[in-house]
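Read the structure below first, then the notes.
Everything numeric here is computed off the predicted structure, so don't read it as measured data.
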Amino acid sequence: MITNLFLSLAFWSTTVCAQSKFPEMNGISYEMYKDFTQDWNLVTVRYRKDSGEMRFTYANREAFSALKNESSDYPNGAIFGKVSFVTGEDPSYLSSVMPMAPSRVQLMVRDKIKYKNSNGWGYALFTPDGKLMPGDIKEKTESCVACHSIVEESGHVFSKPIGFIKTSKFNALESLKTKKVYFTTSKVSDLPRNIQKLLPSADKNINDLQGVLKKHFFYGTFDEIRPTLIKESLRTRKPSILIGDDKKSFSLVFINKSGHCSKGETEIMSFHTGPKPKRKVIEIKVCVGDK
Ligand code: HEC
């Protein structure tokens with residue numbers, strides 16, 4: 001008995017010591033929730049047409065029941081986990097696209113007191129093996145908070161359970177009316193020189209995304225926002241940009257009129273900056289359906 005107690009104490013203390021070795025963001029480590037894809041409810045699957053990335057979002061019991069009741073007041077202990085995968089064709093059945101390698105893991109942990117400065121959610125972002133992604137933690141956190149504030153009326157949670165979308169009282173378009181994210185028109189000639197150089201000379205005006213994301217961003221924001229920019233460019237046939245308040249970080253898209261996509265598709269050129277301090281410009285070309 002005594003030996004047992006001693007053993008379990010020893011075990012406990014090594015576990016505690018070991019835990020503190022895991023990388024943490026806002027007091028959250030990936031290790032704490034590493035089995036979430038098996039233990040929690042699958043909420044939804046999202047697919048990004050521009051990057052071919054598939055995301056699976058899971059909710060623990062507390063989060064899932066609030067979600068199903070369409071409560072925007074998530075209780076303490078509610079947690080969402082999201083894992084993103086790059087996709088590829090199934091070698092044994094080529095028209096079937098499947099998740100291949102995981103690319104990152106994101107967590108949102110509800111604690112209204114501990115995380116009162118980030119609207120009651122603790123945000124964390126990891127590589128698939130639980131390491132921290134590059135970048136300043138404060139900056140990363142502020143960008144999570146800023147973008148998730150677009151859906152403030154649904155408790156800062158974007159996902160809707162599969163099947164609940166049509167009946168949901170939270171309408172994504174409603175959030176646009178709150179002017180958290182909106183476009184104005186700016187002159188290309190007012191942009192920093194290095195950005196002007198990337199654009200075709202025929203374009204004089206550009207859709208300029210305004211709102212919360214301009215102030216609080218990290219390099220992930222500029223990749224995340226690409227589909228929104230593409231949509232606006234397809235709608236207006238003009239280039240679109242999100243440029244940070246620092247005037248150095250940006251995501252830019254425009255239609256490449258001499259592109260080589262198949263009929264019914266448009267070639268989009270996109271440039272966005274990577275992690276600081278280098279802010280290397282990443283170029284991506286995608287064919288997107290016109291509809
Ligand atoms: C530019 C916008 C944007 C930023 C920045 C952002 N998110 Fe999200 N997040 C989304 C969207 C949109 C969804 C749902 C759709 C999807 O997954 O594509 C989402 C979903 C999630 C989910 C699943 C729960 C939910 O709200 O649906 C988690 C967890 C999450 N994000 C964590 C984070 C973390 C952690 C950060 C910061 C490191 C972050 N997010 C930054 C836009 C953003």
If only atom types and distance count, is the side chain of [X] paired as donor or acceptor with the main-chain N or O of [Y] below 3.5 Å?
| X | Y | value |
| --- | --- | --- |
| Asp111 | Ile113 | yes |
| Glu283 | Phe271 | no |
| Ser149 | Glu152 | no |
| Thr44 | Ile162 | no |
| Lys140 | Met133 | yes |

Report yes or no: is the cationic atom of Arg110 (NZ for Lys, CZ for Arg) under 6.0 Å from the centre of the six-membered ring of Trp121, at an angle within 45° of the ring normal?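 Checked: cation-pi criterion met.
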Heavy-atom pair with the smallest gap, counting every atom of [X] and [Y]:
| X | Y | value |
| --- | --- | --- |
| Arg279 | Ser249 | NE-OG, 3.2 Å |
| Pro99 | Phe56 | CG-CZ, 4.0 Å |
| Phe254 | Leu199 | CD2-CD2, 3.6 Å |
| Gly81 | Leu107 | CA-CD2, 3.8 Å |
| Asn207 | Ser240 | ND2-OG, 3.0 Å |
| Pro239 | Ser233 | C-OG, 3.6 Å |

Enclosure of Leu94 CG (heavy-atom neighbours >12, cutoff 6.0 Å):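 Counting neighbours around CG of Leu94, more than 12 heavy atoms of other residues, nucleotides or ligands fall under 6.0 Å, so yes.
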Crowded around Lys112 NZ? As in, over 12 foreign heavy atoms under 6.0 Å?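 Yes, the 6.0 Å shell around NZ holds more than 12 heavy atoms from other groups.
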Pairwise side-chain contact, [X] with [Y], heavy-atom cut-off 4.5 Å (strictly under):
| X | Y | result |
| --- | --- | --- |
| Glu139 | Thr221 | no |
| Met100 | Phe85 | no |
| Ile255 | Ile268 | yes |
| Tyr115 | Ile28 | yes |
| Leu234 | Val288 | yes |
| Lys187 | Asn205 | yes |
| Asn26 | Ser118 | no |
| Leu242 | Lys214 | yes |

Do the rings of Tyr33 and Trp40 sit parallel, tilted or perpendicular, given the 30° and 60° boundaries?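 Tilted: the ring planes of Tyr33 and Trp40 meet at 30° to 60°.
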Give me the ring orientation class for Tyr30 and Phe126: parallel if the planes are under 30° apart, tilted from 30 to 60°, perpendicular past 60°.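 Tilted: the ring planes of Tyr30 and Phe126 meet at 30° to 60°.
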Distance check, rounded to the nearest 0.5 Å: [X] atom [atom1] versus [Y] atom [atom2]?
| X | Y | atom1 | atom2 | value |
| --- | --- | --- | --- | --- |
| Ile230 | Asp50 | CD1 | CG | 4.5 Å |
| Lys21 | Ser29 | NZ | OG | 13.0 Å |
| Lys257 | Glu267 | NZ | CD | 12.5 Å |
| His272 | Lys280 | NE2 | NZ | 10.0 Å |
| Asp208 | Thr185 | CG | OG1 | 8.5 Å |
| Ser189 | Lys204 | OG | NZ | 8.5 Å |

Please assess Lys160 against Ser154 for the test side-chain contact (heavy atoms from CB on, under 4.5 Å), listing each intermediate value before the final yes or no. CA-CA 10 Å; Lys160 310 267 177 284; Ser154 54; 4.2 Å; yes
Is it true that the side chains of Asn256 and Ser258 contain a donor and an acceptor less than 3.5 Å apart?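 Indeed, the side chains of Asn256 and Ser258 share at least one donor-acceptor pair under 3.5 Å.
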Can you list the steps and then say if His148 with Met108 is a side-chain contact (heavy atoms from CB on, under 4.5 Å)? CA-CA 11 Å; His148 279 253; Met108 279 169 72; 3.6 Å; yes
Consider only side-chain heavy atoms of I, L, V, M, F, W and Y, link residues closer than 4.5 Å, and tell whether [X] and [Y] are in one cluster.
| X | Y | result |
| --- | --- | --- |
| Ile225 | Ile282 | yes |
| Leu198 | Tyr219 | no |
| Leu209 | Met269 | no |
| Leu252 | Phe218 | no |
| Ile195 | Ile284 | no |

Using a strict cut-off of less than 4.0 Å between a Lys/Arg side-chain nitrogen and an Asp/Glu carboxylate oxygen, indicate whether Arg48 and Asp223 qualify as a salt bridge.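 Asp223 and Arg48: salt-bridged.
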Less than 4.0 Å between a side-chain N and a carboxylate O, is that true for Asp136 and Lys138?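 Salt bridge between Lys138 and Asp136, a charged N being under 4.0 Å from a carboxylate O: no.
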Set out, in order, the CA-CA distance, both residues' side-chain angles and the distance that settles side-chain contact (heavy atoms from CB on, under 4.5 Å) for Val105 and Phe36, then state yes or no. CA-CA 11 Å; Val105 176; Phe36 75 79; 3.7 Å; yes
Assert yes or no for the condition that the ring centre distance of Phe80 to Tyr74 is strictly below 6.0 Å.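 That pair passes the under 6.0 Å test.
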Using the salt bridge (Lys or Arg N to Asp or Glu O under 4.0 Å) rule, take Lys131 and Asp129 through it: C-alpha gap first, then chi angles, then the decisive distance, then the call. CA-CA 6 Å; Lys131 299 207 179 75; Asp129 53 356; 3.2 Å; yes
Passing option when Glu53 is tested against Arg104, Arg46, Arg226 for salt bridge (Lys or Arg N to Asp or Glu O under 4.0 Å):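 It is Arg104; the other options fail the test.
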Does the pair Thr236 and Phe183 meet the rule for a side-chain contact (heavy atoms from CB on, under 4.5 Å), with working shown? CA-CA 11 Å; Thr236 58; Phe183 285 96; over 6 Å; no
Could you please spell out the steps behind the side-chain hydrogen bond (donor to acceptor under 3.5 Å, both in side chains) verdict for Asp73 and Ser71? CA-CA 5 Å; Asp73 185 16; Ser71 162; 5.6 Å; no
